[in-house]
Amino acid sequence: SEEQKLERVRQQVRSFPDFPSPGINFRDITPLLKDPSAFCTAMDLMEAHVRKCFPRVDVIAGLDSRGFLFGPVLAQRLGIGFVLIRKKGKLPGPTESVSYSLEYGKAELEIQTDAVDAGQKVLIIDDLLATGGTLWAACQLMKKKGAEILECLVLIELTSLRGTEKLKSVPIYSLLQYD
Ligand code: PRP
Ligand code: ADE
């Protein structure tokens with residue numbers, strides 16, 4: 001059943017209290033990536049969700065860096081392309097950027113100008129939603145390009161950080177939720 005599949009995935013996420021700084025409970029997906037069967041189950045669940053909810057998706061946009069672990073696998077399964085949303089200074093050629101605030105200080109995300117076209121239907125993917133700052137910036141980039149954001153898809157949502165509120169009108173889908 002779907003419940004059992006989700007449980008298999010959840011069993012391969014481990015937690016490290018106080019990493020990378022005191023008070024942060026780090027959700028580590030490396031056991032999931034090491035277990036091909038559980039990883040496949042996670043991708044099966046994501047693929048089934050996307051096929052059920054969206055008859056047409058033009059492109060998957062993944063976030064630097066852990067969005068790159070799931071995005072290309074999903075894009076291949078759907079038979080569509082994958083584009084990179086990267087931290088500033090990593091992409092060659094013409095780019096567009098958006099700066100966003102983190103708990104401390106600021107950061108910037110970039111996309112290549114030709115990565116998506118206006119009107120394309122885009123699914124944004126990352127491993128985890130915390131405060132939502134990262135996905136919010138990714139959405140700003142897509143809006144700048146005139147792309148249509150279908151949804152933000154994540155493996156894990158940290159619900160107590162209320163990232164969905166920051167993302168307002170953009171739908172969020174997560175496989176696993178943690179407080
Ligand atoms: C982590 C995670 C998300 C982001 C979520 O990435 O992979 O991308 O934080 O946090 P937010 O919702 O508060 O923005 P991180 O910035 O640590 O970079 P990494 O993927 O390169 O490790
Ligand atoms: N990115 C932001 N918060 C995180 C957490 N608690 N665990 C793993 N990645 C994160």
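Counting from 1, the numbers follow the sequence of the chain as shown. In listed order, ligands and their atoms are each counted from 1. Owing to the predicted nature of the structure, the values given are computational and were not obtained by experimental measurement.
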Subject >> Asp64 and its side chain to side chain donor-acceptor pair (under 3.5 Å) partner, picked from Lys87, Lys90, Arg86, Lys88 >> reply: Arg86
Original post:
atom 2 (C) of ligand 2: which of Gly133, Gly163, Ala130 has the nearest heavy atom?
Top reply: Ala130
Original post:
Relative to the heavy atoms of Lys87, which atoms of ligand 1 are at a distance of less than 4.0 Å?
Top reply: 15 (P), 16 (O), 18 (O), 19 (P), 21 (O)
Original post:
Between Glu148 and Lys121, is there a side-chain N and carboxylate O pair less than 4.0 Å apart?
Top reply: yes
Original post:
Within a radius of less than 6.0 Å around CD of Gln76, do more than 12 heavy atoms belonging to other residues, nucleotides or ligands occur?
Top reply: no
Subject >> Minimum-distance protein heavy atom relative to atom 3 (C) of ligand 1 >> reply: Asp126 OD2, 3.2 Å
Original post:
Starting from atom 7 (N) of ligand 2, which protein heavy atom do you reach first, and at what distance in Å?
Top reply: Arg27 N, 2.9 Å
**OP:** Starting from atom 10 (C) of ligand 2, find the nearest protein heavy-atom neighbour and note its residue, name and distance.
**Re:** Leu128 CD2, 3.5 Å
Subject >> Arg162 atom CZ, neighbour heavy-atom count above 12 within 6.0 Å >> reply: no
**OP:** Could you pull out all residues at least two apart from Asp114 that satisfy side-chain hydrogen bond (donor to acceptor under 3.5 Å, both in side chains)?
**Re:** none
Original post:
What is the closest protein heavy atom to atom 9 (N) of ligand 2, and at what distance does it sit?
Top reply: Arg66 NH1, 3.1 Å
Subject >> Nearest protein heavy atom with distance in Å, relative to atom 12 (O) of ligand 1 >> reply: Gly132 N, 2.7 Å
Original post:
Mind checking whether Asp64 has a heavy atom under 4.0 Å from ligand 1?
Top reply: yes
Original post:
What part of Leu161, side chain, backbone, both or neither, has a heavy atom within less than 4.0 angstrom of ligand 1?
Top reply: neither
**OP:** Report yes or no: does Ser101 contribute a side-chain atom to a donor-acceptor pair with the main-chain N or O of Lys106 at less than 3.5 Å?
**Re:** no
Original post:
Which atoms from ligand 1 have a heavy atom of Thr131 less than 4.0 Å away?
Top reply: 11 (P), 12 (O), 13 (O), 14 (O)
Original post:
Is Asp58 reaching over with its side chain to a backbone N or O of Val122, donor-acceptor style, under 3.5 angstrom?
Top reply: no
Original post:
Closest non-hydrogen protein atom to atom 22 (O) of ligand 1, residue and atom name please, with distance?
Top reply: Arg66 NH2, 3.1 Å
Original post:
Polar-atom distance check: Ala130 versus ligand 1, any N or O pair below 3.5 Å?
Top reply: yes
Subject >> Single hit among Leu161, Leu167, Ile156, Thr134 for side-chain contact (heavy atoms from CB on, under 4.5 Å) with Leu129 >> reply: Leu167
Subject >> side chain to side chain donor-acceptor pair (under 3.5 Å) partner of Asp44, chosen from His49, Lys5, Arg77 >> reply: Arg77
Subject >> Protein heavy atom at shortest distance from atom 2 (C) of ligand 1 >> reply: Asp127 OD1, 3.4 Å
**OP:** Using a 4.0 Å heavy-atom cut-off, say whether Thr134 meets ligand 1 through its side chain, its backbone, both or neither.
**Re:** both
Original post:
Which atoms of ligand 1 have any heavy atom of Leu128 under 4.0 Å away?
Top reply: 3 (C), 5 (C)
**OP:** Around atom 6 (N) of ligand 2, find the nearest protein heavy atom and jot down its residue, atom name and distance.
**Re:** Asn25 O, 3.0 Å
**OP:** State whether the number of non-hydrogen atoms from other residues, nucleotides or ligands found under 6.0 Å of Asp18 atom CG is greater than 12.
**Re:** yes
